[in-house]
There are 2 protein chains.
Amino acid sequence: MARTRGSHSDITGPRVERAALELFARDGYAAVSMRRIAAEVGVQAGALYNYTPDKQTLLFSLMKSHMQDLLAAYDAWEAPDDPLGRLEAFARFHIRFNSERPAAVFISYMELRNLDPEHFAEIEALRRRYEGALVDILRDGAATGVFDVDDPRITAFAMIGMLTQLNTWFRRGGRLSLAEVEELYWSMLRRLVAA
Amino acid sequence: MARTRGSHSDITGPRVERAALELFARDGYAAVSMRRIAAEVGVQAGALYNYTPDKQTLLFSLMKSHMQDLLAAYDAWEAPDDPLGRLEAFARFHIRFNSERPAAVFISYMELRNLDPEHFAEIEALRRRYEGALVDILRDGAATGVFDVDDPRITAFAMIGMLTQLNTWFRRGGRLSLAEVEELYWSMLRRLVAA
DNA sequence: GTCTATAGAATGATAGAC
DNA sequence: GTCTATCATTCTATAGAC
């Protein structure tokens with residue numbers, strides 16, 4: 001006795017976001033039409049506008065939610081006080097968090113160019129806060145002599161490039177488990193800063 | 001006395017490719033219309049079809065040219081025989097080559113999803129050949145004990161992620177010169193494999 | 001809250017004149 | 001080889017019925 005019409009706002013909203021997330025990640029924001037998102041959810045295109053004022057805002061809110069989740073989860077992540085422990089915590093956090101939501105990660109750096117300038121600036125500010133956390137760790141470690149780092153900023157970029165690239169090839173059920181990958185990456189990061 | 005009509009095939013062809021490359025890189029394949037490419041070149045949309053059978057083939061040929069240029073340039077690159085020398089040569093080659101053509105690099109890994117399966121397979125094969133060259137270097141170095149590498153394949157991915165990420169922030173005229181960046185990255189890569 | 005219907009604009013690609 | 005003109009389709013977003 002499935003209702004085909006009526007009120008579903010509590011359930012349709014999340015389904016719209018989920019469908020948009022997956023489709024944007026797979027085919028790209030510009031290539032996905034509102035009709036296709038609606039079809040995925042099982043409603044007509046017009047109904048989507050109960051949940052977003054327009055397509056661009058839908059993209060923006062997906063990216064903003066992702067970045068806020070990322071920062072909140074990182075803030076809540078347990079980490080020791082010493083730079084090496086904090087670096088390890090950052091690495092393991094980044095790998096686990098990103099591996100759990102590949103679509104959102106992918107969108108959040110692939111679709112930046114589809115944001116208008118104000119939205120872009122807002123997302124970039126959140127991203128910089130996250131990257132800044134890693135820069136701080138490297139700076140502290142370099143200052144206390146625990147790390148040997150030529151340029152904390154560049155090293156942080158390189159590390160994030162390394163870690164984020166993981167999402168392009170890692171698949172659950174492949175040759176390596178996530179735990180194994182985590183160890184491999186942590187061992188590489190440690191080498192990068194070893195004094 | 002600029003001619004506004006007539007035969008220009010020798011000059012228009014490259015201009016179409018150049019315009020498509022820049023626009024695809026800036027706004028994304030799906031967001032760029034044939035009309036906009038034509039406007040950039042200074043012709044009408046219909047004229048583009050003298051140079052490509054369709055939009056997708058235009059994208060594919062840009063990506064294929066780039067990958068072939070990459071492989072040809074790498075094959076021609078001078079490198080010593082020992083693994084450490086070869087790794088250094090790879091790193092410097094990659095940084096210089098990629099920094100000279102950011103638009104083509106960007107497209108070649110951002111727009112893969114807009115290729116149909118046959119085209120995708122062809123580009124992927126070329127990419128694997130290039131990545132394979134780095135894997136071989138790491139394997140040789142590990143086999144002879146010059147490198148300490150846990151997993152050559154993963155390490156190669158990590159290195160390429162690190163190096164490619166460079167294009168997302170490096171700008172000529174910024175805080176660091178390309179030569180300085182090259183040194184920083186080479187020093188990081190060396191640490192990653194140090195026995 | 002979802003539907004149908006549609007306005008209004010843009011798209012990829014083709015035909016035929018020059 | 002390029003132009004103009006156009007076809008057929010698709011798109012985002014809105015209006016109004018239920």
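Throughout, a chain's letter reflects where its sequence line sits, starting with A, and its residues are numbered from 1.
- Taking only side-chain nitrogens and oxygens, Ser33(B) never comes nearer than 4.0 Å to OP1 or OP2 of dA10(C).
- The OH-C1' distance, from Tyr51(B) to dA13(C), rounds to 17 Å in whole Å.
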Please list, for nucleotides 13-15 of chain D, all pairs of protein and nucleotide N/O atoms separated by less than 3.5 Å.
| from | atom 1 | to | atom 2 | distance (Å) |
| --- | --- | --- | --- | --- |
| dA13(D) | OP2 | Tyr49(A) | OH | 3.0 |
| dA13(D) | OP2 | Lys55(A) | N | 3.0 |

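- Rounded to whole angstrom, the span from the CG atom of Leu48(A) across to the P atom of dT4(C) amounts to 13 Å.
- A salt bridge between Glu22(A) and Arg18(A) is present, with a side-chain N of the basic residue lying under 4.0 Å from a carboxylate O of the acidic one.
- Looking at Glu88(A) and Arg92(A), a side-chain N of the basic residue comes within less than 4.0 Å of a carboxylate O on the acidic one, giving a salt bridge.
- Val41(A) comes within 4.0 angstrom of nothing in the nucleic acid, heavy atoms only.
- What separates CD of Gln44(B) from P of dA13(C) is a distance of 17 Å, to the nearest Å.
- Between the CG atom of Asn50(B) and the C1' atom of dT14(C) there is a distance of 12 Å, given to the nearest Å.
- Nucleotide dT11(C) holds its P atom 9 Å from the CZ atom of Arg36(B), rounded to whole Å.
- Side chain of Asn167(A) to main chain of Asn98(A): a donor-acceptor pair is present (N/O by atom type, distance under 3.5 Å, no hydrogens or angles).
- For Ile11(A) and dG1(C), the CD1 to C1' distance is 13 Å, given to the nearest whole Å.
- No donor-acceptor pair under 3.5 Å is formed between the side chain of Arg129(A) and the backbone N or O of Ala125(A).
- Under 4.0 angstrom from either OP1 or OP2 of dG1(D) there lies no side-chain N or O belonging to Thr12(B).
- Side chain of Arg190(A) to main chain of Leu87(A): no donor-acceptor pair is present (N/O by atom type, distance under 3.5 Å, no hydrogens or angles).
- Remark: Arg86(B) fails to qualify as a cation-pi partner of Phe90(B) under the 6.0 Å distance and 45° angle criteria applied to the six-membered ring.
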